[in-house]
*Asks:* 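Attaching a single structure in structure tokens format; questions to follow.
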Amino acid sequence: MQNSNSFQVDDFIAGWIGGASSVVVGHPLDTVKTRLQAGKGYKNTLHCVLTIYRKETVSGFFKGMSFPLASITVYNSVVFGFFSNTQRLISKYRYGDGHHPCGMLDLTVASMLTGLMSVGLGAPVDLVKIRLQMQTQTVLAENLHLAGSVSNGTNIPLRSVNIPSQRLYRGPIHCISSILQTEGLQGLYRGAGAMILRDVPGYTLYFIPYTMFCNLLKPDATSSPHPCSIWLAGGLAGSISWVTATPADVVKSRMQADAQLQRKYRGILHCIIHSYKTEGLQVFFRGASVNAIRGFPMSATMFLTYELSLQFFRNL
């Protein structure tokens, strides 16, 4: 599985396995986070959870999961494979040995490059996931807007307005083709600028704390970290990364949930100013508690599965 040169394929396969396990663990809270950030009518996290459960049952939390399961596994595979191979390339270039331990500057460069690269694949994945998660909300908002404009002030019941009851998107493939037809290729990259603002510092505050915690929890410098240490280090790194990335994540979620039919935001700056003027500074920390809670099990699962898979492949 390993090659003699600095490029290795096993990192990509281990990242794929880690990604699949983290999606299953994290998707229900990801749905809650998206609804809180881009939706309306939720007082707090608990109210959002109860509302989703009452209106959509348990299946509501897993809305749009088939697409992330298929795509985020590939996404994580690319992210972890790219990060590990970039580290080795930097070590080879700087120290003449691909297996030389990376310094803090090397880790920072590798993390920032990973964050930048991840947007190319991650922006369309996130866009489709968010559009599918917001489906109930989007259709409802459009129905209410339409009912208001038809009634001209008179109170006409919603059901008397002729609105087709089917969903906007039948599934991930239909969602992608609809976006391409109505918004073009750039439509799939809506919110990519906000995603760069989130992921470049986000991945730096993901991989560096993980490495630091792993080193702190090791009994000595030469030994490998214990699976419990990997799990704890991964979880803490995930919470740190997601909480600090929340303001940029709010802007990204709003930009991506902003459908073509009733476009609200002209760009990143307009989204920030509009959100601040209408909802105050606290809007940028909406979903921060969900991000902290969700970031822990997702990243703990991701790193643990990744490291154990990597060990397995390298022992073959």
Side-chain angles (χ1 to χ4, degrees), residues 26 29-49 51-52 63-64 115-116 118-119 122-146 148-149 168-169 175 179 182-183 186-205 239-295:
L29 279 170
D30 185 60
T31 300
V32 174
K33 178 211 73 152
T34 302
R35 297 278 182 96
L36 278 170
Q37 289 179 346
K40 284 197 174 115
Y42 303 116
K43 291 197 277 283
N44 51 43
T45 305
L46 184 64
H47 181 244
C48 182
V49 170
T51 306
I52 295 168
K63 192 165 276 181
L116 197 61
S118 72
V119 176
V125 169
D126 255 25
L127 181 87
V128 174
K129 173 180 70 69
I130 281 173
R131 292 281 172 94
L132 290 171
Q133 284 174 328
M134 293 303 293
Q135 194 138 252
T136 314
Q137 202 101 7
T138 308
V139 173
L140 181 65
E142 280 163 16
N143 289 357
L144 288 170
H145 179 82
L146 187 57
S149 61
L168 206 57
Y169 308 117
C175 180
I179 292 165
T182 56
E183 302 169 54
Q186 71 269 27
L188 281 176
Y189 283 89
R190 182 157 176 82
M195 201 169 182
I196 289 170
L197 293 177
R198 184 194 76 174
D199 285 358
V200 172
Y203 273 113
T204 309
L205 289 167
S239 290
I240 290 166
S241 174
W242 270 109
V243 168
T244 51
T246 299
D249 191 45
V250 169
V251 177
K252 180 202 72 72
S253 292
R254 289 184 165 219
M255 294 281 291
Q256 291 182 327
D258 197 22
Q260 179 77 31
L261 290 166
Q262 293 178 333
R263 185 133 290 173
K264 204 194 304 187
Y265 309 118
R266 292 192 296 272
I268 298 171
L269 198 61
H270 181 245
C271 179
I272 294 167
I273 294 164
H274 185 275
S275 300
Y276 175 72
K277 278 181 178 172
T278 53
E279 295 165 77
L281 192 65
Q282 70 270 22
V283 72
F284 299 109
F285 297 94
R286 191 173 284 174
S289 58
V290 182
N291 272 341
I293 297 161
R294 164 181 160 268

*Asks:* Quick one: pull up CG in Asp258 and CZ in Arg263 and give me the separation to the nearest 0.5 Å.
*Replies:* 5.5 Å
*Asks:* List the atom of Gly193, the atom of Ile268, and the distance in Å for their closest heavy-atom pair.
*Replies:* C-CD1, 3.5 Å
*Asks:* Roughly how far, to the nearest 0.5 Å, is the OH atom of Tyr189 from the CD atom of Gln256?
*Replies:* 11.5 Å
*Asks:* Between Arg35 (side chain only) and Met134 (backbone N and O only), is there a donor and an acceptor less than 3.5 Å apart?
*Replies:* no
*Asks:* So does Gly202 get a backbone contact from the side chain of Ser241, meaning a donor-acceptor N/O pair under 3.5 Å?
*Replies:* yes
*Asks:* Grab the two heavy atoms, one from Leu188 and one from Leu127, that are nearest each other, plus how far apart they are.
*Replies:* CA-CD2, 3.6 Å
*Asks:* State which residues pass ring-ring contact (aromatic ring centres under 6.0 Å, His included) with Tyr265; sequence neighbours excluded, sorted by chain then number.
*Replies:* His274
*Asks:* Within a strict 4.5 Å, meaning less than it, do heavy atoms of the Tyr169 and Val128 side chains meet?
*Replies:* no
*Asks:* Once you round to the nearest 0.5 Å, how far does CE of Met255 lie from CD1 of Ile130?
*Replies:* 11.5 Å
*Asks:* Start with the C-alpha gap between Arg286 and Glu279, add the side-chain angles, then the distance that decides, and say whether side-chain contact (heavy atoms from CB on, under 4.5 Å) holds.
*Replies:* CA-CA 11 Å; Arg286 191 173 284 174; Glu279 295 165 77; 3.0 Å; yes
*Asks:* Would Ile52 and Val32 count as a side-chain contact (heavy atoms from CB on, under 4.5 Å) here? Give the steps.
*Replies:* CA-CA 8 Å; Ile52 295 168; Val32 174; 4.1 Å; yes
*Asks:* Working to the nearest 0.5 angstrom, can you tell me the gap between Ile293 CD1 and Leu29 CG?
*Replies:* 7.0 Å
*Asks:* Quick one: does Ser275's side chain have a donor or acceptor within less than 3.5 Å of a partner on Ile272's backbone?
*Replies:* no
*Asks:* Verify side-chain contact (heavy atoms from CB on, under 4.5 Å) between Asn44 and Cys48, making sure each step is shown before the conclusion.
*Replies:* CA-CA 6 Å; Asn44 51 43; Cys48 182; over 6 Å; no
*Asks:* How close do Pro247 and Thr244 get, heavy atom to heavy atom, and via which atoms?
*Replies:* CD-O, 3.7 Å
*Asks:* Measuring from Ile196:CD1 to Asp199:CG, what's the distance to the nearest 0.5 Å?
*Replies:* 9.0 Å
*Asks:* How close do Ala123 and Ala192 get, heavy atom to heavy atom, and via which atoms?
*Replies:* CB-CB, 4.1 Å
*Asks:* Of the non-hydrogen atoms in Val200 and Leu116, which two are nearest, and what is the gap between them?
*Replies:* CG2-N, 3.8 Å
*Asks:* Ignoring hydrogens, what is the shortest heavy-atom contact between Gly287 and Thr246? Give both atom names and the distance.
*Replies:* C-CG2, 4.4 Å
*Asks:* Once salt bridge (charged side-chain N to carboxylate O under 4.0 Å, His left out) is applied, do any residues pair with Asp30, and if so which ones, sequence neighbours excluded?
*Replies:* Lys33, Lys129, Arg294
*Asks:* Going by the rule salt bridge (charged side-chain N to carboxylate O under 4.0 Å, His left out), which residues pair with Arg198 if we only count those two or more places apart in sequence or in a different chain?
*Replies:* Asp126, Asp249
*Asks:* Please test Val283 against Tyr276 for side-chain contact (heavy atoms from CB on, under 4.5 Å), starting from the C-alpha separation and ending with a verdict.
*Replies:* CA-CA 7 Å; Val283 72; Tyr276 175 72; 5.6 Å; no
*Asks:* Once rounded to the nearest 0.5 Å, what's the spacing between atom CG of Leu205 and atom OH of Tyr203?
*Replies:* 13.0 Å
